[in-house]
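In what follows, a structure is listed as structure tokens, so that the remarks can point back to it.
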Amino acid sequence: MAAPFDMDFGTPAVPGADTVTLEVDGIKVTVPAGTSVMRASSLAGVRVPKLCATDTLEPFGSCRLCLVEIEGRKGTPASCTTPVEPGMKVATQTDRLARLRRGVMELYISDHPLDCLTCAANGDCELQDMAGAVGLREVRYGFEGENHLKASIDESNPYFTFDPSKCIVCSRCVRACEEQQGTFALTIDGRGFASHVSAGMNEDFLASECVSCGACVKACPTATLMEKSVIQMGQPERQVLTTCAYCGVGCAFVAELQGDKVVRMTPHKDGKANHGHSCVKGRFAWGYATHKDRITSPMIRASIQDPWREVSWDEAIAHTASEFRRIQSKYGKSAIGGITSSRCTNEETFLVQKMIRAAFGNNNVDTCARVCHSPTGYGLKTTFGTSAGTQNFDSVQNADVILVIGANPTDAHPVFASQMKRRLREGARLIVIDPRRIDLVRMPHVEAQHHLQLLPGTNVAIINAISHVIAAEGLTDQAFINERCDAAEFARWREFILRPENAPEAVAATTGVPAEEIRAAARLYATGGNAAIYYGLGVTEHSQGTTMVMGMANLAMATGNLGRPGVGVNPLRGQNNVQGACDMGSFPHEFSGYRHVSDGATRALFEAAWGVPLDAEPGLRIPNMFDAALEGSYMGIYVQGEDIVQSDPNTHHVTAALSAMECVVVQDLFLNETASYAHVFLPGASFLEKDGTFTNAERRISRVRRATRPLAGMADWEVTMALSTALGYPMHYAHPSEIMDEIARLTPTFTGVSYDLLDREGSVQWPCNDAAPEGTPVMHIGGFARGKGRFMITEYVPTHERTGPRFPLILTTGRILTQYNVGAQSRRTQNNVWHAEDVLEIHPFDAENRGIRDGDKVSVMSRTGETVLSAQVSERMQPGVVYTTFHHPESAANVITTEYSDWATNCPEYKVTAVEVRPSNAWSQWQAEAEEFRKKSHTIAPAAE
Amino acid sequence: MEIKHLVHMANQIADFFKSYPEAEAIEGVATHIRQFWDPRMRAQLAKHFEAGGDGLNAISLAAAKRLLQKASTP
């Protein structure tokens, strides 16, 4: 189909200010120097026939269809590989070119099935288009000769097919896998007539290294690589530009639909976060939105032992409001609160926190950032003055040294990882600090110069040692420090960091990393050119998570690696809108824009806008809410789009707290684990069903646009409005754009943001205000948001969680490419083909000592609980450290994690749990009981006649 | 809330600030608790302090005292 969002100019845009003017078919056009003749022609409005060229890939010059004639030159050069020159006169349509093109097409079609009318690509096939464009009317060679028409179809991948009979061996798929994705799973095997696209070592796609990002499918000009959904449903007839609802990369996508049904999701070429690339989740794993498990009717019940009863929206809202007011009258105003969702839009999280502050009358609001990147907010605000990362994603293209700490981008942020890998292939050098040998350490065309494989829990010791080397060896950027940082704080930090206890030799035993390796990594970071830090939850989810964030900020300031492209301190945030949820005032101590509730002027601003007095005291954080529930002072909670039973640590503690509450309200797409403990269930709307915005890890605000109707009749923002109104605090917004207008009025970093701006620019990065009307890709240029950068003293304090004879191993947890967070979405897709259960990765040494073989069921026990899952013996682990994911409720990784948490933010220490692992042949008692309770608690009573 | 949990939290905060000069460390802990702890948590800490402050380390003990003084200052 015509793709209005994605016009193909044939070859990529060339950056640069120098221009060249030429003539194409008599039309004058001025383009950047270095542009191809093909692209210049497209810009002049002249379409040159092409097959192997597309503007997301470097030109290849193989199909011989884009030939042109150039005045004064012999022959017919390929326009895709010929750069423009001043005064060049190009002819794209001559008799000679027509003959040549027709001849080329004739050869292609002689070995191509003539089943256009029944082909899935009918109407969206470049080969078909080109046959028409060149006026092909006959194939003189016939179809009886040797051909590939009977080649068998590979249907192994759950989302797309590979039909080699339709392949024209243009290499677009191979190049997309290399250039865009960087996996190198595909190649052209064989020579001449035998040449063919091969996945891996001539394996099927599923068995190969293919990561199902879909780049090859998007690049394919024929039906060779085709989405199964298109084969099943046919071509889409309308498009809606929106933003992915999976990870914090925030890829722009085009939802392609037939009526109200999504046919496919394709990455938007002009998306500023993803530049036309995608991963398996955003590209293919959207089927959850219409999964049979979706709950579309509100439900209530008196007790969690009762079956659910479907009710009208009016009854559910009135019941919830009544229960919350009853609890407040019995236990006090502060006895209720809520959790905003990092999966919902900015507008929706803003409304939930507004309802809690204005209608509940307290500040008991928190969000899932509590359990992931809250230390980022605290640490970066303290040191730089802003609770967010410093760079845009594109900044990585200017990095010379990339330091990845406690992050696994190829699994958790795959589209950004592809951009990072591209830069690494260009020659940037890589340092990885991680207890596991993550894929980035060594993969095709990428190899880390240094992998500091530290013991979990020793991040701060490592970062201090790196800074120690830099300070001791005179590698600091004194000019930057003098100009940009607080001198007294720096002097104090310098004295601290030079202490002998911070030397690499002093921390080698604690961290498990040889001193020389630390020294070498430090020297590379300080002297290798632009150095950029990228980090994830392996930094934050520790008892010293905030200290580590400050330690990284110290390191970047000490070396002057801030305030320009290619450098910075960059959190890779987990969920699609976790940055936005934080920006929107979801924390119990601050309003939108990170302003403390005790600040009188800020409070007065909100009180005037909202028309009610607001509490000046901070409210409860999520873990504090659980504690207060068990104590009896917190008895009602509204949880929007968050599964705290599965995602928060020490499941026993969480479920005990929820069981103690008198009204638990869950708003979600599915009856999740938390809903087992709920009294009210309010159906949620998927990202396809509503308007709004998400803010990604680079502070980029992007539009989410309604593509289909809300299955339950209301979008989430409408539900919150109804609840607030029922509580006696009416809200009247006709559209989420009006909510954004209110956010802009009340939030200094958002004053320039509006839906008009977003529609015009595509997306914008905050701060976006009078000082930066088009947003701020790179922060802290020329000065820090807080004025002078503040060095903080970051003493290493070991966690209280200790290994010992009973629990000799350290468990650390994480994520995998094909599943997302608690799996509520991705488990309801065919992504389960790749990851049907959570497994325990264990080093062969530890496995052998315990008589554990690959695939065995093993019991994992900690001081808080026990769970059973399958073992995967893996040398990615170091001896003494085991690893699992938390995507599946049945394996319940958080039954064994502890309540130890970050000193500043209470972010849980998911990354360090002392455990023992033993062979097992049965579920743990908890798992058996949870399964039974889940079944019972998810029962819905039959509708009354 | 379990007081031992609050004591642990206060001591953790003190462990961060202990590298700073004593007066600054005490003020840092007190300010942090005032900014981020819900009033019922602060009230429990204050009550525990008045009962002797068992388990609180020196810095968090001094910070709890500071909080109590500020709370009683009109």
Side-chain angles (χ1 to χ4, degrees), chain A residues 332 334-335 337 362-364 366 374 378 382 460 489 492-493 495-497 499 543-544 546-547 550 587-590 596-599 615-621 623-634 653 792-800 899-906 909, chain B residues 1-49 51 54-64 66-74:
Chain A
S334 298
N362 62 48
N363 288 319
N364 291 332
D366 209 355
S374 50
Y378 190 102
T382 305
V460 173
E489 298 283 6
R492 192 151 66 173
W493 174 79
E495 184 278 320
F496 158 76
I497 209 71
R499 290 178 195 165
S543 60
Q544 278 204 291
T546 294
T547 312
M550 292 172 177
F587 287 137
H589 65 280
E590 59 194 10
H596 202 276
V597 293
S598 64
D599 179 65
D615 194 347
E617 292 286 356
L620 294 165
R621 296 166 169 179
N624 310 145
M625 292 179 187
F626 299 148
D627 294 340
L630 290 167
E631 175 211 48
S633 68
Y634 186 82
H653 184 66
M792 296 296 293
I793 298 179
T794 54
E795 185 171 328
Y796 169 59
V797 179
T799 173
H800 289 259
E899 288 168 79
Y900 285 123
S901 67
D902 173 50
W903 66 269
T905 64
N906 286 134
E909 192 167 49
Chain B
M1 275 174 239
E2 281 191 56
I3 191 61
K4 70 172 186 186
H5 188 43
L6 295 179
V7 167
H8 178 78
M9 285 169 63
N11 286 344
Q12 264 193 297
I13 299 164
D15 280 345
F16 172 78
F17 284 103
K18 71 184 179 191
S19 303
Y20 285 86
E22 188 182 9
E24 208 175 327
I26 293 166
E27 186 55 37
V29 176
T31 301
H32 185 91
I33 290 174
R34 198 162 46 244
Q35 286 189 330
F36 298 104
W37 285 26
D38 168 270
R40 75 195 86 176
M41 296 163 67
R42 301 204 306 262
Q44 268 187 277
L45 184 70
K47 196 173 158 190
H48 181 68
F49 170 77
D54 184 37
L56 289 169
N57 64 29
I59 296 171
S60 53
L61 203 61
R66 176 76 53 89
L67 278 167
L68 210 58
Q69 285 168 344
K70 288 213 173 176
S72 61
T73 307

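None of these values were measured; they are calculated from a predicted model.
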Next item on the list: Could you pull out the closest heavy-atom pair between B:Val7 and B:Leu56, with the gap in Å?
Entry: CG1-N, 3.8 Å
Checklist line | Non-hydrogen atoms of B:Phe17 and B:Ala25 that approach each other most closely | finding: O-CB, 3.2 Å
Checklist line | Approximate separation, where rounding is to 0.5 Å, of B:Ile3 CD1 and B:Met9 CE | finding: 10.5 Å
Notebook entry, point to check: Is chain B contacted by the side chain of A:Met550, its backbone, both, or neither, given a heavy-atom distance below 4.5 Å?
Noted result: side chain
Note to self: Can you give me the closest heavy-atom contact between B:Leu67 and B:Ala30, atom names plus distance?
What the structure shows: CD2-O, 3.5 Å
Table up the donor-acceptor pairs between chain B and chain A that sit under 3.5 Å, atom names plus distance.
from	atom 1	to	atom 2	distance (Å)
B:Met1	N	A:Glu631	OE2	2.7
B:His5	NE2	A:Asp627	OD2	3.3
B:Gln12	NE2	A:Ser901	O	2.8
B:Ser19	OG	A:Glu795	OE1	2.3
B:Tyr20	OH	A:Ile793	N	2.9
B:Glu24	OE1	A:Arg492	NH1	2.8
B:Glu24	OE2	A:Arg492	NH1	3.4
B:Glu24	OE2	A:Arg492	NH2	2.7
B:His32	ND1	A:Tyr378	OH	2.9
B:His32	NE2	A:Ala904	O	3.2
B:Gln35	O	A:His596	NE2	2.8
B:Arg40	NH1	A:Ser633	O	2.9
B:Arg40	NH1	A:Ser633	OG	3.0
B:Arg40	NH2	A:Ser334	O	2.9
B:Arg42	NH1	A:Glu617	OE1	3.0
B:Arg42	NH2	A:Glu617	OE1	2.8
B:Arg42	NH2	A:Glu617	OE2	3.1

Notebook entry, point to check: Which bit of A:Leu620 is near chain B, if near means a heavy-atom gap under 4.5 Å: side chain, backbone, both or neither?
Noted result: both
